[in-house]
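Report on the following structure.
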Amino acid sequence: MTEELGTSRVKRGLAEMLKGGVIMDVVNADQAKIAEDAGAVAVMALERVPADIRSQGGVARMSDPDLIDGIIAAVSIPVMAKARIGHFVEAQILQALKVDYIDESEVLSPADYVNHIDKWNFSVPFVCGATNLGEALRRITEGAAMIRSKGEAGTGDVSEATKHIRTILGEIAALKGRSKDELYVAAKELQAPYELVREVAEAGKLPVVLFTAGGVATPADAALMMQLGADGVFVGSGIFKSGNPAQRAAAIVKATTFYEDADVIAEASRGLGEAMVGINVSDLAAPHRLAERGW
Amino acid sequence: MAGSSTAQRPLVGVLALQGDFREHLAVLNGLGAEAIPVKRPEELERINGLVIPGGESSVMDKLSRMFGLAEPLKAAISSGMPVYGTCAGLIMLADTVLDAIDGQQTLGGFDLVVRRNAFGSQLDSFETDLDVPVLGDPPVHAVFIRAPIVEAVGEKATALAALADGRVVAVEQGNLVGTSFHPEITGETRFHEYFLAKVRSA
């Protein structure tokens, strides 16, 4: 009766348990507590929420370990934390701090413009962003145990999130029923291993949970993502950059569970005060688009 | 509740507020039951048994109270409806929960003291083979994910399985079954069959 830790099943399994839930960005213990009380399934610790990274500029890095410790002490739901793309030492630190999941995230400034982290080297599971199926499969090949579509973080503009989740699910659907010779070509075009492409074609879904992120700011946005087929939702700046974070967070949780019930979503959408001030993605010059980080 | 066709194809629900309810629906449908997701009180009235899935117990608690499910669920449990809870589902059924979040409540009915996140962080999550005498051979391959532990088994409840160190991870009390782990994600079907046998004879 030996106990095996850090297996793929255990890593992917935690993401399975988060399905149908909302994961909220927090920068300190107070925000984490508000998120937990509002019904978050997990919190994501980061130095600054994406909207602030955008407006303040500069290099965005992993949070201070003291802040992460404070967040872990404040809540009993899973705590995730962001590391820079390719920064395997930040990831080692986060594992040493015993976070429950690491997000190798394009929202922070990349540490390596060529390589992502070899995530198989870690016992803690990783979530990674993707804009399309090939990118998702490359991250899974590197050991990611959960995928989130990227969207465009810190904008409050849901259009990129919509595009990315539709692209990933559309490309999965397009693999269905293809013959073996066609799947070899699909693997070449997706720039992903054939075995993984075949697995997706047979199952009709990714081998890991697929959440969506980047621009979700309202209960309706969250329900839109769920109706499009996401397993759950990450909300970043949308909560703590809004007028009434606790109420908005709870409303987004309700809309995520009852995503097919317009009456519930309408009720949840009432009286929330101001949503975060948005930026239209089309107004962003290309170098400021975070989704283009990672490949 | 039980109709004449129950013996053939029982209608069972899976609480679908949050968590891995789709995996439970798939296992139950694969075993010949008709399994439906349950989010509303009126859906509860139709079913002959209920599974409460893995997920985040504090979220299930909040949503079940907010949307009027908690009271009818408690009534169904006390009237003897078979219920099987995995992980968060076990927490939801326990009379007493340790290390809950502020204000967290449970449905109760299961004479247990359960500790939430009893093993630590995700780094302490694990899989192992587990002897479950009521299910016989082979052992159950059990996956524990930030799992709870049964710290005390009350007089009305019985332990079905324990880890090598003696900590209880599977329990039964009349028509209630609970496991700290997740048979629904490993292809293990015997706990669900055990639950369905209770539904068929209820």
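In the text below, chain A, chain B and the rest are named by the order of the sequence lines, each starting its count at 1.
Using a 4.5 Å cut-off between heavy atoms, Met66(B) contacts chain A through its side chain alone, with no backbone atom that close. Both the backbone and the side chain of Ser125(B) come within contact range of chain A, each with at least one heavy atom under 4.5 Å from a heavy atom of that chain. Of the atoms belonging to Glu23(B), it is side-chain heavy atoms, and not backbone ones, that fall under 4.5 Å from chain A. Contact annotation for Val22(A): neither backbone nor side-chain heavy atoms come within less than 4.5 Å of a heavy atom of chain B. Interface residue Leu17(B): backbone and side-chain heavy atoms are both found under 4.5 Å from chain A. The contact between Lys62(B) and chain A is made entirely by side chain atoms (from C-beta outward), counting heavy-atom distances below 4.5 Å. Residue contact with chain B, scored on non-hydrogen atoms closer than 4.5 Å, is absent for Ala42(A). For a residue to count as touching a neighbouring chain, one of its non-hydrogen atoms must lie under 4.5 Å from one of that chain's; by this rule Thr186(B) touches chain A with backbone and side chain alike. Heavy atoms of Phe21(B) lying under 4.5 Å from chain A are absent altogether.
Within the model, atoms CZ of Phe67(B) and OG1 of Thr257(A) stand 7.5 Å from one another, a figure rounded to the nearest 0.5 Å. If you take CD1 on Ile23(A) and CD on Glu56(B), they are separated by 11.0 Å, rounding to the nearest 0.5 Å. The line from OG1 of Thr2(A) to CZ of Phe126(B) is 11.0 Å long, rounded to the nearest 0.5 Å. Here CD of Gln18(B) is found 7.0 Å from CG of Leu18(A). Values are rounded to the nearest 0.5 Å. Interatomic distance, Asp129(B) CG to Glu4(A) CD, rounded to the nearest 0.5 Å: 8.0 Å.
Heavy-atom pairs under 4.5 Å with chain A were tallied for Glu127(B), Gln104(B), Met60(B); the largest tally goes to Glu127(B). Per-residue heavy-atom pair counts under 4.5 Å with chain B were compared for Val124(A), Asp37(A), Val253(A), and the maximum is reached by Asp37(A). If you tally non-hydrogen atom pairs under 4.5 Å between each of Asp124(B), Ile101(B), Asp61(B), Asp99(B) and chain A, the highest count goes to Ile101(B).
Without hydrogens or angle criteria, Gln95(A) side chain to Leu123(B) main chain gives no donor-acceptor distance under 3.5 Å. Under a 3.5 Å cut-off, the side chain of Asp20(B) and the backbone N or O of Glu16(A) do not form any donor-acceptor pair.
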Practice item. Take Arg146(B) and Met17(A), measure what side chain to side chain contact (heavy atoms under 4.5 Å, CB included) needs, and give me the verdict at the end. Key: CA-CA 10 Å; Arg146(B) 286 175 49 94; Met17(A) 302 311 145; over 6 Å; no

Exercise for review: Could you give me the CA-CA distance, side-chain angles and deciding distance for Lys39(B) and Asp261(A), then say whether side chain to side chain contact (heavy atoms under 4.5 Å, CB included) is met?
Suggested key: CA-CA 11 Å; Lys39(B) 291 185 187 180; Asp261(A) 188 331; over 6 Å; no

Exercise for review: Kindly indicate, with the supporting measurements, whether the criterion side chain to side chain contact (heavy atoms under 4.5 Å, CB included) is fulfilled by Ile145(B) and Arg12(A).
Suggested key: CA-CA 10 Å; Ile145(B) 297 170; Arg12(A) 293 175 180 186; over 6 Å; no

Point to revise | Derivation of the side chain to side chain contact (heavy atoms under 4.5 Å, CB included) call for Gln122(B) and Val10(A) | key: CA-CA 8 Å; Gln122(B) 169 65 9; Val10(A) 163; 3.5 Å; yes

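Few gaps surround CD on Glu42(B); more than 12 heavy atoms of other groups in view lie less than 6.0 Å from it. Around CZ of Phe258(A), the count of heavy atoms belonging to other residues, nucleotides or ligands within 6.0 Å exceeds 12. In Arg166(A), the CZ atom is not crowded: 12 or fewer heavy atoms of neighbouring residues, nucleotides or ligands sit closer than 6.0 Å. With a 6.0 Å radius and a threshold of 12 heavy atoms from other residues, nucleotides or ligands, Lys98(A) has its NZ atom at or below the threshold.
Side-chain contact check for Glu3(A) and Thr128(B): no donor-acceptor pair (N or O, by modelled atom type) lies under 3.5 Å.
Residues of residues 68-83 of chain A having a heavy atom under 4.5 Å from any heavy atom of chain B, listed by number: Ser76(A), Ile77(A), Pro78(A).
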